[in-house]
There are 2 protein chains.
Amino acid sequence: MASTASVKAPFDREVQFAAKKRAVILSAASAFRRRGYHNTSMTDIGKALGLTKAALYYYVRNKEEILFESHLMAYDSMDEILKNSQPCGLTGLDHLESVFRQFVDLLTQSGVSLLTDVDSLSGEWKTQILARRNTIEKRVIRLVKRGQADGSIRDGDARLHVFFFMGALNWLNAWFDGEGRLQGKDIADHFALQLRHGIST
Amino acid sequence: MASTASVKAPFDREVQFAAKKRAVILSAASAFRRRGYHNTSMTDIGKALGLTKAALYYYVRNKEEILFESHLMAYDSMDEILKNSQPCGLTGLDHLESVFRQFVDLLTQSGVSLLTDVDSLSGEWKTQILARRNTIEKRVIRLVKRGQADGSIRDGDARLHVFFFMGALNWLNAWFDGEGRLQGKDIADHFALQLRHGIST
DNA sequence: TAAAAATTCTACTATATAGTCAAATTTATA
DNA sequence: TATAAATTTGACTATATAGTAGAATTTTTA
């Protein structure tokens, strides 16, 4: 029962553990985004949560797992956005704009960070993350192609269309600062417009 | 005398030293771009040049200097482009497009890499690099504003205009691969068009 | 060809930090 | 309140790699 579960949640050990683990990942991801993975020590991550480095190892196997989960968190959110946003009568362009807007909101409002340091992951983990990124990329490319098919999006290499505006999204992480003058909503509006003009027919 | 100097150059010790040092920086920068600064060891950098790690220290003080000079190399090139490209009767938009095109060419053709890992620099070096990046950003913003003044570029926050397409430029480093199917020239054409449509009136 | 200068190497040290472990502490349960 | 389970800690080890020193080698010059 969902309602019972949510009332009991604060007393449920597993739920608390999961929530704390999630807090570790989110806090670390934010630090990774700002200073980079290798410039953030386990001690730093612990300190930000009022914990000792050793305590972190109660929640995660190792530092790399944190990086892995950070990536997953972002890609899960993006998948969610792609899944929930239905074309329902929209042109390809409108649909794409809506998705892109939600991507910007995700990165500026929710605390989720889109990281680039994939090469600090090894073996299976790296492969998995690259695959996830690829899937999302492919889905966005498909959106563009649909827009080209219905005539709302300009012709041209769909991959290049996508690389261009996904660059804006990734670059956002480097300069966006929640405290700054620019508000997430303004950025979403501006970027949506620039995306639209850039690729519409 | 320039001509005498260039003929003697191969015998000039200082010139040779400078050329070798430059090769170290360029090769390292390319590795940094692909795998990241911290995932590239001094041993790696040496190996790529057929040298031992120790030999590198004949050319540079430390690893951080390599990162610093890598950044400088990119920003010097971009400054050069900005300086040499005169408005001479062009609209602000045309001028900007020309500059942007040259930026793309720089990153896809010349072997110069635009790095993001500024936080691995410390103190004075970090400050200097951030200042250089800022200067370039400001100049590009000024180009946009000029275009808005002459009516060739859409109104709106000039900084956001710039962040958007500079994102595409930075993201290029992450995915572009000289061997790949996409050629630098095609990318420049495509990106120039997307830039133009994105911000023109 | 011998001496000097430039360049590179082998073998080493120093350091930062990821990761471990057993004990201490806190929190829940009977 | 006593016991058990969950959580956190201090003090440690292990490892990767940046950086060094002096010898060896190559290249230039006289």
Side-chain angles (χ1 to χ4, degrees), chain A residues 7-25 27-29 31-32 34-70 115 117 119-123 125-126, chain B residues 7-25 27-29 31-32 34-70 115 117 119-123 125-126:
Chain A
V7 169
K8 281 189 183 169
F11 303 98
D12 185 327
R13 247 42 222 268
E14 284 187 36
V15 170
Q16 287 197 302
F17 181 90
K20 287 181 191 172
K21 174 165 181 172
R22 190 182 152 83
V24 168
I25 312 277
S27 166
F32 293 165
R34 283 171 309 186
R35 297 192 296 277
Y37 177 66
H38 290 282
N39 298 319
T40 307
S41 70
M42 289 298 275
T43 307
D44 292 336
I45 297 172
K47 206 172 285 174
L49 295 160
L51 289 178
T52 249
K53 167 174 71 163
L56 297 175
Y57 288 89
Y58 183 68
Y59 297 101
V60 297
R61 192 183 311 282
N62 52 36
K63 192 185 178 187
E64 207 180 326
E65 184 189 330
I66 301 185
L67 181 61
F68 177 74
E69 300 271 6
S70 300
L115 304 178
D117 198 340
D119 287 286
S120 299
L121 294 169
S122 57
W125 273 348
K126 182 173 175 173
Chain B
V7 168
K8 282 189 182 169
F11 303 98
D12 184 328
R13 247 42 222 271
E14 285 187 34
V15 170
Q16 286 197 301
F17 180 91
K20 288 182 191 171
K21 174 165 180 172
R22 190 182 152 83
V24 168
I25 313 278
S27 166
F32 293 165
R34 283 171 309 185
R35 297 193 296 277
Y37 177 66
H38 290 282
N39 298 319
T40 307
S41 71
M42 289 298 275
T43 307
D44 291 337
I45 297 172
K47 206 171 285 173
L49 295 160
L51 289 178
T52 248
K53 166 174 72 163
L56 297 175
Y57 288 88
Y58 183 67
Y59 298 101
V60 296
R61 193 184 310 281
N62 52 36
K63 191 185 179 187
E64 205 179 327
E65 185 189 330
I66 302 185
L67 182 59
F68 177 73
E69 300 271 6
S70 299
L115 304 177
D117 198 340
D119 288 286
S120 298
L121 294 168
S122 57
W125 274 348
K126 182 173 176 174

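Lettering follows sequence order; numbering is per chain, from 1. This structure is a prediction, so every number in the text was calculated from the model and none was measured.
- Using modelled atom types and a 3.5 Å distance limit, the side chains of B:S120 and B:H38 yield a donor-acceptor pair.
- The interatomic distance linking A:L67 (CG) with C:dA18 (P) rounds to 12 Å, in whole Å.
- Following rounding to the nearest Å, B:Y57 (OH) and C:dT10 (C1') show an atom-to-atom distance of 16 Å.
- For the pair A:Y59 and D:dT8, the criterion of a side-chain N or O lying under 4.0 Å from OP1 or OP2 is met.
- Within 4.0 Å of B:T52, counting heavy atoms only, lies at least one base atom of the nucleic acid.
- For A:Y58, no side-chain nitrogen or oxygen approaches OP1 or OP2 of D:dT8 to under 4.0 Å.
- A donor N or O paired with an acceptor N or O is found under 3.5 Å between the base of C:dG19 and the side-chain atoms of A:K53.
- Separating the CE atom of A:M42 from the P atom of D:dA11 is a distance of 20 Å, rounded to the nearest angstrom.
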Inset, instruction - Mind running side chain to side chain contact (heavy atoms under 4.5 Å, CB included) on A:I66 and A:M42 for me, showing each step along the way? - result: CA-CA 10 Å; A:I66 301 185; A:M42 289 298 275; 4.1 Å; yes

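- One can place CG of B:L56 at 19 Å from P of C:dA6, the figure rounded to the nearest angstrom.
- The aromatic rings of B:Y59 and B:F17 are tilted relative to each other, their planes meeting at an angle between 30° and 60°.
- Counting only heavy atoms from C-beta on, B:S41 has its side chain closest to D:dA18 among C:dC9, C:dT7, D:dA18.
- Comparing C:dT20, C:dG19, D:dT8 by their closest approach to the side chain of A:N62 singles out C:dG19.
- In the set D:dG19, D:dT8, C:dT8, D:dT8 carries the atom at the smallest distance from any side-chain atom of A:L51.
- When the C1' atom of C:dC9 is taken as reference, atom CG of B:L49 falls 16 Å away, rounded to whole Å.
- Taking atom CZ of B:R61 as the reference point, atom C1' of D:dG19 lies 13 Å away to the nearest angstrom.
- Nucleotide C:dA18 holds its P atom 8 Å from the CG atom of A:D44, rounded to whole Å.
- For the pair B:K47 NZ and C:dC9 C1', the computed distance is 15 Å after rounding to whole Å.
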Inset, instruction - Applying side chain to side chain contact (heavy atoms under 4.5 Å, CB included), run through A:I25 and A:R22 and close with a yes or a no. - result: CA-CA 5 Å; A:I25 312 277; A:R22 190 182 152 83; 5.5 Å; no

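- At least one side-chain heavy atom of B:R35 sits under 4.5 Å from a side-chain heavy atom of B:D44.
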